[in-house]
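Below: the structure, in structure tokens.
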Amino acid sequence: MAERYNFREIEAKWQKHWETTDAYRAVDFSDKPKYYVLTEFFGPSGKGIHLGHVKCYTPTEVVARYKRLKGYNVLYPAGWDAFGLPTENYALKMNTDPETVTDNNVATFKRQLKRLGYSFDWSREIRTTDAAYYKWTQAIFLELFSHGLAYKSEGAVNFCPSCKTVLSNEDSQGGVCDRCHAEVEQRTRSVWYLRMKDYSEKMLAAVDEIDMKENLKDSQRNWIGRSTGAEIEFAVKGTDKRLKVFTTRPDTLFGATFMVISPEHPLIDELKSALKNREEALAYRAEAAKKTAVERAAQKEKTGVRLEGVAAVNPADGREIPIYAADYVMMGYGTGAIMAVPAHDERDYAFAKKFGIEIREVIAGGDVAAEAYTGDGTLVNSGFLDGLSVEPAKEAMLAHLERTGAGVKKVNYKMQDWPFNRQRYWGEPFPIVVCDDCGYVPLTEAELPLLLPEVADMRPDESGNSPLAKNAAFVETVCPRCGRPARRETDTMPNWAGSSWYWLRFIDPHNDEAFADPKKLKYWGAVDLYTGGTEHVTRHMLYASFWHNFLYDIGKVENRLPFTRRMCNGLVLDEKGKKMGKSAGNAVDPIEILDEYGADAFRLHILFIGDYEQNTLWTMEGINGCTNFLNRVWALPDMLREGGVSREHARALAVLLKRAETGIVAESGGAGREHNDFKFNTVIAAMMEFYNELKKDGFITREELRQFLLALNPFAPHITAELYQRLFFKDIDFESWPVLDESKLVEAVVELPVQVNGKLKGRVTVPAGASEAEARAAALEACPLPAPPKKVIYVKDRIINIIV
RNA sequence: GCGGAGGUGGCGGAAUGGCAGACGCGCUAGUCUCAGGAGCUAGUGGGCAACCGUAGGGGUUCAAGUCCCCUCCUCCGCACCA
């Protein structure tokens, strides 16, 4: 084949072929075993795809093609998560509307993804912003509402002053807005919540079951933040109020010498005249409110105000102890109040030192005059607990509290209910009517979708209301229950709503009777492999787990786990090790690489330069290696010759198939199973090694070439499809992965390293499976020994070590 | 502070406790040629050598990049979680 490999022509030809034949359509209820491989929704931004997309999606793509060849009915869909701030902000910047922006961005993305040769089933394309889709997002919200899992409540919420909207804890991690990185403020507002906290235990169980890296499971567990301890009530002297605290250390109750409530704690308001320095307390509250969460956490010195005129009563011994308001206690965790045990807690210790409060040691073992002691030890100064160690003391105190009614055993979670709304335009409207008489009244499913209305001005403003509030025709309605005039809810759902169930819609994307046909849900079941970024592990993955668990509970899906296995890709970093991104200004345009090197070379290169899960330093150096390899593959037909297949040839092919089968994706895997797959870089190396092996003999047979093309196809689909068609007159997509003959893996002879006293001294060639006597004889012949051997360690086919 | 990942040639990176550096880039020399960012051949951790080499130091083992202990450095999460 003298003709040079023209990737431009050949890639365009096959991409067109795949598009016109709808080549990768998944078949419902096929007889083949099903395999559902999912990669995260695309957020179609204005700039088209970037290297991160290619790094993230190419491996999944290889798995999808490999599994098809392996005889699976593969579902590999793609869709668009198009609601949310990026699109809306981009539309504002471009002075157009989000729908147009979305249309354009989707068209660009789709064109670019096709140029990479990705084998998505485009017949199942969905978009969260389509009414036909968000109808079902709204319907699931109605289910949540009717099951008591959606409620509106006023309280302190995270608010991004730049995006002008309420944010969830998940969206303001580290105290900054996930979108614009502005520091988040606390505001009081009435918002919709989903009772995610009620699902803590089920979500934790799902963490145990999913097949995912242990460290990622830990971040999910930490985010849910289960801790066990006690809820204890302290009487507030001189009032009828009681102050409730959560503690993981009930054993130290005798050491509680003061209490601290968060500045926002309602007790300050409830104490009324009993509180002598109310003004001071309110001033402190106002000060605290000015600080962002970041500032609050960063301050070195503890601050606080003693609440004058009131005291708490320690239920352990009846002593009166002071109450302080201090901003080191957060309203959002536990009860927003703590019992402070300065001798055994570093924060309380610092506070007590500053305010001159008694530090009472109740666990022996440290030097509480110098610092807080948080280790184990024997209880002292603690009445009936004296002499016990920490764990038995916890049990004894819990029993005591439950008997006296002063406290109960309690499990606490760091994860909060999900503030489920935005005061922005571009999101799903709530299917809820607010009636003065009937309260919050849901629409019926038949009334869905409730369409997102057009508005004259979609910009958010300082009113704290969504732009939808300005559209009177939308807002003014009648109550579905009593028929009197009423108003619609005008907030919109957060951008995570649509992605909290989308994998179910791919199963039946065009159904308008249900979000998906139960029979199809049953056939496809859980996603077998879900890939995406680590940044979604404590956001989207948790929301997805929550919604899916809920849908399971109400019998809408049959499998409790949405995803059987999750793999997270590393980032693409620039030469300096910095994250690549549009904002960083160091982005490389993948389209330029496609123009210059083609999709097959690009796919090989991005897989070859690093491990899937590790961060990858981006470099163009070395892409020539992939181009050269493809050129050699293109020239392989010149090496065709029949017959004379040596044992080495057969073995080289078997090794290649074996390494591909184990290195791409494991057959199946339950939770906690050790995988050694997703090693695309070493599978590509195996392809090259196979080529190098052939090159030694200078020929390849037709059957060898056929099998080699099949093995390479998932990585480089265009060139392999072309060669396959030219040589075998068939469409490679309908062929089957070669059957691996394990017996061919066995070598006839092995080269054995010979060690003397553990040091390499030489090598000998022996028949495979040689006995120790044979190996020993060969070794002695090759390496004369300085002394007679005392001992020989022989590992068959691996090594011989002679101790003298 | 807590948690996690990582540290291997000039570079990207390979190595179920068993030949460190697979594979590729780059580089060197040669070769061919329709002069290209092409192909082919050979070489390429250090050292003249014995030997020495996987951040540094100890240890376990017949055998350690890999397991254990200590130290250093880099990156990434989380962070007053009671």
Side-chain angles (χ1 to χ4, degrees), chain A residues 4 173-175 213-216 218-219 221-223 225-227 229 245-249 252 260 262 293-294 296-300 302 326-330 332-341 344-348 350-351 412-415 534-535 537-538 570-571 573 575 577-579 596-597 604-605 608-611 613-629 631-632 635 674 676 679 681-692 695 751-763 790-795 797-803:
Chain A
R4 280 185 54 78
Q173 297 188 26
K213 269 262 160 84
E214 205 53 39
N215 61 322
L216 300 173
D218 279 342
S219 13
R221 292 189 187 110
N222 290 340
W223 187 262
R226 183 185 206 271
S227 59
V245 302
F246 172 74
T247 177
T248 54
R249 297 297 303 275
T252 62
V260 186
S262 107
V294 176
R296 227 165 120 161
Q299 51 191 13
K300 293 180 197 80
K302 294 267 182 286
D327 64 4
Y328 81 92
V329 172
M330 307 291 146
Y333 183 75
T335 62
I338 62 161
M339 63 176 219
V341 184
H344 306 292
D345 181 284
E346 283 167 25
R347 297 150 300 172
D348 298 345
F351 192 86
N412 194 53
Y413 302 94
K414 199 180 91 172
M415 186 175 73
T534 50
E535 74 274 19
V537 166
T538 53
L571 304 169
L573 307 176
E575 295 84 347
K578 290 259 183 300
K579 183 179 173 178
E596 208 165 345
Y597 296 92
L604 283 174
H605 179 62
F608 190 57
I609 57 174
D611 185 271
E613 290 177 294
Q614 304 295 123
N615 291 345
T616 298
L617 288 177
W618 176 252
T619 172
M620 281 304 286
E621 283 198 12
I623 194 169
N624 288 334
C626 295
T627 302
N628 292 346
F629 175 64
N631 283 328
R632 289 178 197 136
E674 292 282 326
N676 200 24
K679 300 291 177 199
N681 50 346
T682 60
V683 177
I684 292 169
M687 305 277 170
M688 293 169 170
E689 283 170 58
F690 174 73
Y691 176 87
N692 294 342
K695 200 67 194 170
E751 199 183 52
L752 214 57
V754 180
Q755 292 182 344
V756 177
N757 290 339
K759 294 208 175 207
L760 183 71
K761 288 293 173 187
R763 295 180 178 86
K790 284 188 199 133
K791 190 180 169 190
V792 174
I793 288 140
Y794 175 59
V795 184
D797 294 347
R798 287 225 88 117
I799 198 161
I800 181 160
N801 188 5
I802 302 169
I803 313 301

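Here is the naming used below: chain letters follow the sequence lines, and residue numbers restart at 1 for every chain.
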* Asked: If you measure from the C1' atom in C19(B) to the same atom in C69(B), how many Å do you get, rounded?
  -> 29 Å

**Asked** With rounding to whole Å, what would you report as the distance between A55(B) and A64(B) at their P atoms?
**Response** 15 Å

Ile609(A) CD1 to G12(B) P, in whole Å, measures 11 Å

### Backbone N/O of Asn624(A) and side chain of Asn628(A): donor-acceptor pair under 3.5 Å
yes

Within 45° of the six-membered ring axis of Phe351(A) and under 6.0 Å from that ring's centre, is NZ or CZ of Lys302(A) located there? no

Classified by glycosidic angle (syn within 90° of 0, else anti), G9(B) comes out syn

Regarding the side chain of Lys695(A), the nearest nucleotide among A82(B), U41(B), G18(B) is U41(B)

More than 12 non-hydrogen atoms from neighbouring residues, nucleotides or ligands closer than 6.0 Å to NZ on Lys213(A), yes or no? no

Are OP1 or OP2 of A50(B) and a side-chain N or O of Lys759(A) less than 4.0 angstrom apart? no

Leu752(A) CG to G18(B) P, in whole Å, measures 14 Å

The reported gap from CG in Asn412(A) to CZ in Phe246(A) (rounded to nearest 0.5 angstrom) is 4.5 Å

d(Gln614(A) CD, Leu571(A) CG) to nearest 0.5 Å is 11.0 Å

_Are Tyr328(A) and Asp348(A) packed together at the side-chain level, in the sense that at least one heavy-atom pair is separated by less than 4.5 angstrom?_
yes

Of the listed A5(B), C19(B), A14(B), the closest approach to the Gln614(A) side chain comes from A5(B)

note: Asn631(A), atom CG; C25(B), atom P; distance rounded to Å ~ 12 Å

Considering only heavy side-chain atoms of Thr248(A), the closest of C62(B), C40(B), A82(B) is A82(B)

When the P atoms of U44(B) and G24(B) are considered, how many whole Å apart are they?
14 Å

Roughly how many Å apart are C72(B) and G57(B), using the P atom of each and rounding to a whole number?
15 Å

Rounded to whole Å, the CH2-C1' distance (Trp618(A) to G12(B)) equals 12 Å

task = Please evaluate the base of G37(B) for a donor-acceptor partner in the side chain of Glu596(A) within a cut-off of under 3.5 Å?
result = yes

ask   = Taking only side-chain nitrogens and oxygens of Arg798(A), does any of them come within less than 4.0 Å of OP1 or OP2 of A63(B)?
value = no

*In whole angstrom, give me the gap between the P atoms of A79(B) and G3(B).*
16 Å

Distance col, row Ile338(A):CD1 vs Met330(A):CE, nearest 0.5 angstrom, shows 10.5 Å

Rounded to whole Å, the CD-P distance (Gln755(A) to G18(B)) equals 11 Å

_OP1 or OP2 of G77(B) under 4.0 Å from side-chain N/O of Lys213(A)_ = no

Every stem of 3 or more Watson-Crick or G-U pairs under 3.5 Å that RNA chain B joins, in order of first number, is B:1-7 with B:72-78, B:10-12 with B:23-25, B:26-31 with B:39-44, B:55-59 with B:67-71

G12(B) phosphate, OP1 or OP2: any side-chain N/O from Asn681(A) under 4.0 angstrom? no

Testing G6(B), A14(B), U41(B) for proximity to the side chain of Asp611(A), the answer is A14(B)

In this structure, CE of Met339(A) is separated from OG1 of Thr247(A) (nearest 0.5 Å) by 4.0 Å

Rounded to the nearest 0.5 Å, the CD atom of Gln755(A) sits from the CG atom of Asn757(A) at a distance of 9.5 Å

Of the candidates G18(B), A15(B), A82(B), the side chain of Thr247(A) sits closest to A82(B)

Of the listed C80(B), G6(B), G12(B), the closest approach to the Tyr328(A) side chain comes from C80(B)

Practice problem: Write down the distance separating the C1' atoms in G65(B) and U33(B), rounded off to the nearest Å. | Solution: 45 Å

Pro753(A) has its side chain closest, among G37(B), G4(B), C19(B), to C19(B)

- Should Asn628(A) be listed as having a side-chain N or O under 4.0 Å from OP1 or OP2 of G37(B)? no

Between CG of Leu617(A) and C1' of U74(B) the distance, given in whole Å, is 12 Å

In whole angstroms, the gap separating C1' of G6(B) from CG of Leu571(A) amounts to 14 Å

Among the nucleotides A14(B), C19(B), C23(B), whichever has the atom closest to the side chain of Arg763(A) is C19(B)

Work out how far the P atom of G6(B) is from that of A15(B), and round it to whole angstrom.
12 Å

Between the CG atom in Leu760(A) and the CD1 atom in Ile799(A), the distance rounded to the nearest 0.5 Å is 7.5 Å

Here the distance between atom P of G77(B) and atom CG of Asn222(A), to the nearest Å, is 15 Å

Requested in this report: Take atom P in G21(B) and the same atom in G10(B), then report the distance between them in whole Å.
Outcome: 16 Å

Considering only heavy side-chain atoms of Arg632(A), the closest of C23(B), C19(B), G39(B) is G39(B)

